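Working notes, beginning with the structure itself.
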Amino acid sequence: MTTDASGAVHVSGVEEPTTSTSRNPDADRARRALGAVWRIESARIIATLTRFVGDVGQAEDLAQEAMLEALRQWPSEGVPNNPGAWLTTVAKRRAIDGWRRRERLDERYAAMARDLEQQDGAASGQFWDPDTIDDDILRLIFVSCHPVLSREAQIALTLRIVGGLTTEEIARAFLVPVATVQQRIVRAKKTLAAANVPFAVPDPEQYAERLGSVLSVLYLIFNEGYLPAAGEEWTRPDVSAEALRLARMVAGLMPREPEAQSLVALMEFQASRFRARVAHDGTPVPLDQQDRSRWDRAQIERGRAALARADRLGRGRASYGLQAAIAECHAVAASTDETDWARIVVLYEALGRLAPSPVVELNRAVAVAMSTGPASALRIVDDLERSGRLAGYPGLPAVRAELLSRLGRSNEARGEFEAAARLTGNERERAALLAKAAALAPPVVE
Amino acid sequence: MKYMLIMRDSQEAIEASKDLDFNEIIAAMGAYNESLMKAGVLIGGEGLAGVEEGFVVDFDSTPPVVTDGPYAEAKELFNGFWMIEVSSKEEAAEWAKRCPLGPGSKLEVRRVNELEDFPQDNEWIQKEAGWREELEKKAAGSNG
C-alpha cells in the first residue's frame with residue numbers, strides 16, 4: 001500500500017503481484033477484500049460523500065482516508081459486515097472532525113452529523129437510500145464527464161471515482177506514467193472546484209449533449225482496449241471490459257435512454273469478437289478472415305437484447321443505435337459473403353446524415369465495396385482523400401490499398417499499404433500492413 | 001472473468017421458506033438482482049422450477065436410470081444461478097456475500113471456463129465451437 005502525491009491510496013488487487021506481500025496473510029486478505037469492495041462501492045461512497053460536502057474532489061480525498069483506515073483496522077478486526085457503509089461512515093466522521101477543528105459547523109455539517117447518528121445503529125441493514133443513491137451516482141457520472149474538463153481528465157476521473165480503478169490501473173490501461181494520471185486527477189478535481197460545478201444532473205436543455213459526453217467518454221475507454229492507438233498489443237480487453245461494465249451501469253441507471261442501451265449493445269457486439277481478432281502469434285486478424293466460431297455467442301445475444309431494449313423505447317435509432325445495428329449485421333452473419341452488406345450501406349448512410357464524419361464515410365466505402373464492388377467504393381475513398389479530412393489517418397490508405405488490390409492495381413496498392421504502415425502507431429498493425437505490401441511486390445526480374 | 005453463483009438450499013431451508021412472506025423474498029431478490037444489474041456486472045441468471053417438475057438421470061448403471069423428483073436422498077437442491085462478470089475472485093465473493101439468503105442456503109461460486117482454458121488444437125473443442133455456432137444460428141433464425 002502506498003500513498004501518492006495526490007493523497008491517493010493504492011490498493012492493489014490480486015492481479016498485481018508486484019506490490020502484494022504474502023508475509024502478512026491477514027493484511028493481504030484485507031487489502032484484497034478492500035480492493036473488491038472499493039470496485040463495487042466507490043461510486044456509491046463518493047456520490048454519498050459529495051452530496052454532503054458538495055465537492056467531488058474533497059469527497060474522494062475523504063474516501064481515500066477511509067480506505068487507509070480500513071487498511072489499518074481490517075487486518076486485525078476483520079472485514080466489517082457492510083464494508084461500504086463502514087467506509088462511508090468513517091469518511092463522514094473524518095469530514096466532521098475536520099470541520100470541528102476549523103470550527104466551521106454550519107447547517108450542512110450538522111445535517112451530516114445527524115445522519116451519522118441515525119445510521120450508527122443500522123449499519124448492517126439497508127444503508128443506501130434507494131430513492132437517492134441512484135440519482136447521486138448519476139450526478140457523479142455527469143460531474144466526472146463535465147465539459148469544463150478535458151477529455152483525458154474526464155476519462156481518468158470516470159475510471160477513478162465511478163469505476164473504482166486505482167491510479168496504477170488507469171496508467172496501465174492507457175500506457176501512460178502513473179504520475180501523469182495522478183496529475184490529471186488532481187487537476188481535474190481542482191478544475192471542478194474552481195468552476196463550482198454543481199453536484200447535479202444537467203438541465204433538460206443540456207441533457208442530451210451532456211449524456212452524449214458521458215457516452216462518448218465510455219466509448220473512448222472501450223476503444224482504448226479495442227483499438228489501442230499505441231503500444232505493441234493489438235487489444236487490451238480488460239480496459240474494454242471495464243468500459244462495458246460502466247456502460248451497463250449507466251444503462252441500468254437510465255433505462256429510458258435508447259442511446260445508453262445502444263452503447264451497451266455496440267460494445268457487446270464488438271467485444272464478442274475479441275478472441276477472434278488476434279492470432280496466436282499476436283497478429284491482428286481482419287473481420288473477413290476471423291474464425292467466427294470463436295465469437296462469443298452469448299455476448300452477441302446480450303448485445304441483441306440490449307439493442308432490442310433500445311428499440312422498444314420507440315424513439316428510433318441515433319448514432320450508437322445505428323452503429324450497434326451495423327455491428328449486429330456482422331455478428332449474426334455466418335461469413336463475410338453472407339453478410340447483409342446492402343443493409344450495412346444503408347445504415348452507414350443514415351449514420352453519415354446524422355453525424356457526418358470522414359471515418360463513417362470510409363466505412364461506408366468498405367461496405368459499398370462489398371455490396372456493389374471496389375470501383376464505386378474507390379470513388380468515395382478518392383473523394384475523401386481529396387477533401388484532406390482524413391490526412392494522417394492510417395485507415396484511409398489501408399482501405400484504398402485493399403480496393404486498388406482488388407482492382408488489380410498492385411503497384412499503387414503496395415504504395416498505399418506502405419503509406420498506411422508509416423502512419424500507424426500500433427506495431428502489430430504495421431507488421432500486418434507491411435506483409436500485405438510485400439505480398440504485392442513485383443516478381444524479381446532476372 | 002465470469003463467475004457462476006449457484007444457489008444450493010437444504011430441504012429444511014426450503015421447508016422453512018414456505019413460512020416466510022413470499023412477497024418479501026421476491027422483493028429482496030429483486031433488489032439484489034437490480035443492484036447487480038446497476039453495477040454492470042450481471043450477465044445472466046435463472047431461477048429453477050420446483051423439483052417435482054424435474055428428474056435425475058443417474059449413470060451408475062447402464063442404461064442410466066431416470067428418477068422423477070422430488071428425490072429424498074438429495075441433501076441440497078440447486079434452485080437457481082447468476083452469471084456475473086467481475087475483475088477478481090474477491091469481487092465475485094463480495095457480490096455472493098450480498099445475496100439475500102438465510103441459514104440452510106449456500107452459494108457455490110465457480111469461475112466459468114473460457115474457450116481459452118482449453119487446448120485450441122483439440123478436435124472436439126473445435127467441433128464444439130462449431131456446434132455452438134450452429135445452435136446460435138438456429139436460435140437467431142427462430143427469433144427473426
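Only a predicted model underlies this, so the values are computations on that prediction, with no experimental measurement involved. Order of the sequence lines sets the chain letters (A, B, ...), proteins ahead of strands, with each chain counted from 1.
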Toward chain B, the part of A:R29 with a non-hydrogen atom under 4.5 Å: neither
Short side-chain to backbone donor-acceptor contact, B:E91 and B:S87, under 3.5 Å: yes
B:W95/B:Y3 aromatic ring centres below 6.0 Å: no
Leading residue by heavy atom contact count with chain A [cutoff under 4.5 Å; candidates B:I43, B:V41, B:V86]: B:I43
Whether A:F274 and A:F222 hold their rings parallel, tilted or perpendicular, with breakpoints at 30° and 60°: tilted
Top contributor to chain A interface from B:E34, B:M37, B:M83, B:E85 [non-hydrogen pairs under 4.5 Å]: B:E85
Side chain, backbone, both or neither of A:D238 within contact of chain B (heavy atoms, under 4.5 Å): neither
Criterion salt bridge (Lys or Arg N to Asp or Glu O under 4.0 Å) on A:D28 and A:R32, from CA distance to verdict: CA-CA 6 Å; A:D28 209 40; A:R32 288 186 192 181; 3.6 Å; yes
Side-chain donor/acceptor of A:Q261 to backbone N/O of A:A251, under 3.5 Å: yes
Per-residue contact mode, A:P83 against chain B (heavy atom under 4.5 angstrom): side chain
